[in-house]
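Note: hydrogens, waters and symmetry copies are ignored here, and every other heavy atom, side chains too, is used. Counting starts at 1 for both ligands and their atoms, following the listed order.
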Amino acid sequence: VEAGKPILCKAAVARKPGEPLVIEEIIVAPPSHHEVRVRIICTTLCHSDVTFWKMKVYIFSLSISESLSACITASTLTVRFFLSVIACNSLKDYPAVFPRILGHEAIGVVESVGEDVDEVVEGDVVIPVFLPDCGDCADCKSKKSNLCSKFPFKPSPWITGDKTSRFTDVKGEVLYHFLNVSSFTEYTVLNTANIVKIDPSIPPSKACLLSCGVSTGVGAAWKTANVEAGSTVAIFGLGSIGLAVAEGARICGATKIIGVDVNQEKYELGGVYCNDLCLMLYFHFQTGKNFGITDFVNVGECGDKPVSQVINEMTGDGADFCFECVGLASLMEQAYACCRKGWGKTIILGVEKPGSQVTFPCSDVLVGGKTLIGALFGGLKAKSDIPILLKRYMDKELELDKFVTHEVSFEDINKAFDLLLEGKSIRCVIWM
Ligand code: CXF
Ligand code: ZN
């Protein structure tokens with residue numbers, strides 16, 4: 001490997017929607033201005049990878065500002081695989097999204113840096129983050145926002161800030177980027193706005209969890225909601241994000257954490273830990289209870305009562321904090337309906353279908369005094385907040401180990417997809 005030269009390496013390429021990834025040799029260009037080339041140590045699979053992998057692409061004209069609501073994610077409550085739609089500015093901007101290098105939760109080592117990079121040097125350990133943090137714009141400079149305005153987030157098929165790709169296959173065909181990261185490859189190229197330098201002594205299989213899903217849930221409790229000690233929290237959907245919210249609420253000192261799901265097993269029976277690499281099988285059940293969930297509401301057993309009524313009855317006045325982690329408009333309305341008047345906060349983390357609307361009775365909004373807020377990446381400011389969370393992990397406050405339910409080698413990356421689709425894994429670490 002030589003800095004400044006293209007690298008030939010292995011990648012798992014998503015060639016067609018819903019079909020197994022193909023491990024093949026690809027060519028990774030050297031980093032351009034403000035970019036770094038990173039050797040991936042390990043990566044994990046997040047639901048968004050599956051969503052975009054399953055996606056049948058319809059390109060139509062919509063403003064990109066509407067595109068967030070246009071990203072469809074698989075529900076954690078019911079496993080829904082539907083035709084998904086990605087909203088795009090124009091055909092010209094987004095000609096196709098296959099073949100693509102998926103993956104956006106990872107950790108790696110800087111192999112080389114492009115021009116004007118002073119933040120990191122070769123050999124630094126970094127975590128990629130899909131949400132840019134340029135450090136320069138009004139949003140990045142403000143404590144109040146994590147939505148970079150220099151590189152507004154969009155699920156673009158290109159590298160951040162430039163409508164080009166750094167990947168080609170051996171025949172010269174362009175391979176598209178994914179969520180500013182593309183980690184299912186031995187080497188990737190990232191804008192420096194999408195990396196966070198971390199302490200290299202942190203175990204990579206744990207540090208990489210903070211790249212997306214776990215950070216999103218923990219951050220939503222810690223930063224977006226600012227959950228207070230002694231409070232009551234209701235979490236709608238006990239997938240990985242919901243469990244990460246529970247962990248965040250636990251470290252903030254919440255005393256009642258109510259899990260809401262259609263599947264009782266999410267509370268009482270979780271993933272099985274299985275380490276294929278060591279040819280050993282560890283059977284270790286992870287349950288919602290392991291994540292600090294103190295009470296469970298099975299939506300299927302609420303009878304005629306809306307789930308909000310059940311939670312209002314359980315809590316007396318409603319929950320101090322409600323988190324919607326599924327992406328269902330009706331559930332967002334239910335969450336809002338059972339957060340406490342006067343100070344209750346409802347935080348939306350789930351991603352609904354394009355064009356979906358939530359409706360609230362105006363009278364409830366007027367007299368309720370509640371807050372409704374959405375959060376990308378849990379409201380975290382990547383460069384400053386990830387190191388804080390990693391320190392809390394090293395200080396044994398934040399528990400990350402329990403999120404890793406499986407580990408596989410890169411050649412077996414498709415197993416990680418199967419496990420997530422079967423609902424068996426929380427996080428499967430994929431070792432390069
Ligand atoms: C998601 C957040 C919502 C839009 C698509 C990407 N982030 C990571 O999984
Ligand atoms: Zn993700």
(request) Please work out whether any backbone atom (N, CA, C, O) or any side-chain heavy atom from C-beta onward of Thr51 is under 4.0 Å from ligand 1, and answer side chain, backbone, both or neither. (result) neither
(message) Any donor-acceptor pair under 3.5 Å linking the side-chain atoms of Glu35 with those of Asn191?
(response) no
(message) Side chain, backbone, both or neither: which applies to His104 and ligand 1 if a contact is any heavy-atom pair less than 4.0 Å apart?
(response) side chain
(message) Regarding Arg427 and Ser240, do their side chains bring together a donor and an acceptor under 3.5 Å, going by distance alone?
(response) yes
(request) For the residue pair Ile347 and Glu324, establish whether any side-chain heavy-atom pair is separated by less than 4.5 Å. (result) no
(request) Give the atom name of whichever N/O/S atom in His104 sits closest to the Zn ion (ligand 2). (result) NE2
(message) Quick one about Thr359 and Glu333 (side-chain donor to acceptor, distance below 3.5 Å, no hydrogens or angles considered), yes or no?
(response) yes
(request) Could you tell me which atoms of ligand 1, counted from 1 in the order shown, lie closer than 4.0 angstrom to a heavy atom of Cys46? (result) 9 (O)
(request) Kindly identify the option in Pro155, Cys212, Gly350 whose heavy atom sits closest to atom 8 (C) of ligand 1. (result) Cys212
(request) Anything under 30° is parallel, anything over 60° is perpendicular, the rest tilted; go ahead and classify Tyr336 against Phe360. (result) tilted
(request) Check whether any side-chain heavy atom of Phe98 lies under 4.5 Å from a side-chain heavy atom of Lys16, and answer yes or no. (result) no
(message) Just to be sure I read this right, does ligand 1 sit under 4.0 Å from the backbone of Phe377, its side chain, both, or neither, counting only heavy atoms?
(response) neither
(request) Pull out every atom of ligand 1 sitting under 4.0 Å from any heavy atom of Leu376, numbered as shown with elements. (result) 2 (C), 3 (C)
(message) Would you say the Zn ion (ligand 2) has His47 as a near neighbour, meaning an N/O/S atom of that residue under 2.8 Å away?
(response) no
